[in-house]
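What you see is a predicted model, and the numbers here were worked out from it, not measured in a lab. Residues take their numbers from the sequence shown, with the count starting at 1.
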Amino acid sequence: MCLHSGCHIAVSPNTKNFAVDWLGVEVTRATLGIIGMGNIGYKVAQRARAFDMKILYHNRNRRTKQEEETVGAHYCEKMEDLLQQSDFVMLVVNLTSETHRLIGKKELGLMKPTATLINISRGAVVDQDALVEALQRKVIRSAALDVTYPEPLPRDHPLLKLNNIIITPHIGTATVQALHMMAEEAITNILAVLNGQPIPSEVFPK
C-alpha cells in the first residue's frame with residue numbers, strides 16, 4: 001500500500017511535507033506463500049528469491065526436489081499451514097470447481113493479521129464478501145487484486161471504499177512484449193494443429 005498511497009501524497013496539491021514515520025512493509029526475508037505452483041507460480045518464486053524471501057508453496061502436485069532447491073521453495077501439503085506462516089499469500093491457480101471461493105472467511109482467519117493477500121489468478125477464487133469483512137475488521141493487513149468478479153466491479157462495491165487494498169484492471173500481462181509472446185504462442189499452437197503435431201500449450205492434455 002506504501003507505493004500506491006505514496007504516489008497520491010507526492011502529487012496531491014495539499015501536500016506540504018512528507019511524514020518521516022510513514023512506513024511500509026519489507027519484502028526482503030519475508031515469507032511468501034504461493035498457492036498454485038504451475039509455470040506462473042514458479043516464475044514468481046524465481047523472482048521472489050532475488051529478494052531473499054522464504055518461499056512456501058501449496059500445489060496439487062509437488063515439484064521435484066531439484067525444482068524446489070533451485071528457488072528455495074518449501075512444500076506445504078496443507079494449505080492451512082501456508083496461510084498461517086506467510087506474510088504474503090499469492091493466488092496463482094486456475095478457476096475450477098475446486099478453486100471457486102478457495103479463499104473464504106475461514107482461510108482469511110488463518111492468515112496473520114499483518115499479512116497481505118495477492119490475487120493474480122481469477123476473481124472468483126476469493127470470496128469477495130469475506131474479503132471485505134476481513135479488510136474492514138483488520139483480520140488481515142491488506143490485499144492486492146489484479147482480478148475481481150465482475151470486472152470491473154460496480155462503482156458502489158465496498159472493496160472500492162477501502163484504503164487497505166489495491167485493485168488493478170487485470171493487467172498482469174499488459175505489456176507490449178507479453179502480448180507479442182502470447183500471439184506467437186497462439187500461432188505456434190495453430191500451426192501444430194494444422195500439421196497434426198502435438199499442441200505445445202494444450203490446456204487440457206488428453
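- Rounding to the nearest 0.5 angstrom, the gap separating the OG atom in S86 from the CE atom in M53 is 9.0 Å.
- You'll find the side chain of V89 stays beyond 4.5 Å of the side chain of E107, heavy atoms only.
- Between the side chain of H58 and the backbone N or O of E77 there is at least one donor-acceptor pair closer than 3.5 Å.
- With Q84 contributing its side chain and D81 its backbone, the two residues share no donor-acceptor pair below 3.5 Å.
- Within 6.0 Å of CG in N39 there are 12 or fewer heavy atoms belonging to other residues, nucleotides or ligands.
- Judged by the 6.0 Å and 45° rule, R63 forms no cation-pi pair with Y57.
- Contact record, K54 with Q85: NZ-OE1, 4.3 Å, taken as the closest heavy-atom pair.
- When each of I140, L135, L83, I165 is tested with L117 by the rule side chain to side chain contact (heavy atoms under 4.5 Å, CB included), just one qualifies, namely I140.
- Applying the side-chain hydrogen bond (donor to acceptor under 3.5 Å, both in side chains) test to R49 and every residue at least two apart in sequence or in another chain returns nothing.
- Residues G41 and I34 come closest through the heavy atom pair O-CD1, 3.6 Å.
- Counting heavy atoms from C-beta outward, K112 and D87 have side chains that approach closer than 4.5 Å.
- Around the CZ atom of R122, the shell of radius 6.0 Å holds no more than 12 heavy atoms that belong to other residues, nucleotides or ligands.
- Residues V139 and M111 fail the side-chain proximity criterion, which asks for heavy atoms closer than 4.5 Å.
- The distance from atom CZ of R60 to atom OG1 of T96, rounded to the nearest 0.5 Å, is 7.0 Å.
- Within 6.0 Å of CD1 in I40 there are 12 or fewer heavy atoms belonging to other residues, nucleotides or ligands.
- Taking 4.5 Å as the limit, some side-chain heavy atom of L179 sits within range of a side-chain heavy atom of M182.
- In this structure the side chain of N189 reaches within 4.5 angstrom of the side chain of P200, judged on heavy atoms.
- Here the closest non-hydrogen pair linking T116 and S142 is OG1-OG, 2.6 Å.
- Side-chain atoms of E133 do not come within 3.5 Å of backbone N or O of A130 as any donor-acceptor pair.
- At least one side-chain heavy atom of L32 sits less than 4.5 Å from a side-chain heavy atom of V44.
- Other residues, nucleotides and ligands contribute only 12 or fewer heavy atoms inside 6.0 Å of the NZ atom of K65.
- Rounding to the nearest 0.5 angstrom, the gap separating the NE2 atom in H170 from the CD1 atom in I120 is 9.5 Å.
- Around atom OH of Y149, more than 12 heavy atoms belonging to other residues, nucleotides or ligands sit under 6.0 Å away.
- For the 3.5 Å distance criterion, the side chains of T64 and Q66 fail to qualify, holding no donor opposite an acceptor.
- In this view, D146 satisfies the salt bridge (charged side-chain N to carboxylate O under 4.0 Å, His left out) rule with no residue, not counting sequence neighbours.
- To the nearest 0.5 Å, the span separating CE on M37 from SG on C76 amounts to 10.0 Å.
- When each of L131, V126, V93, L110 is paired with I103, the side chain to side chain contact (heavy atoms under 4.5 Å, CB included) condition holds for V126 and for no other.
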Indicate every side-chain donor-acceptor pair of residues 11-21 with a distance under 3.5 Å to a residue at least two apart or in another chain.
from	atom 1	to	atom 2	distance (Å)
S12	OG	N14	N	3.2
T15	OG1	I9	O	2.5

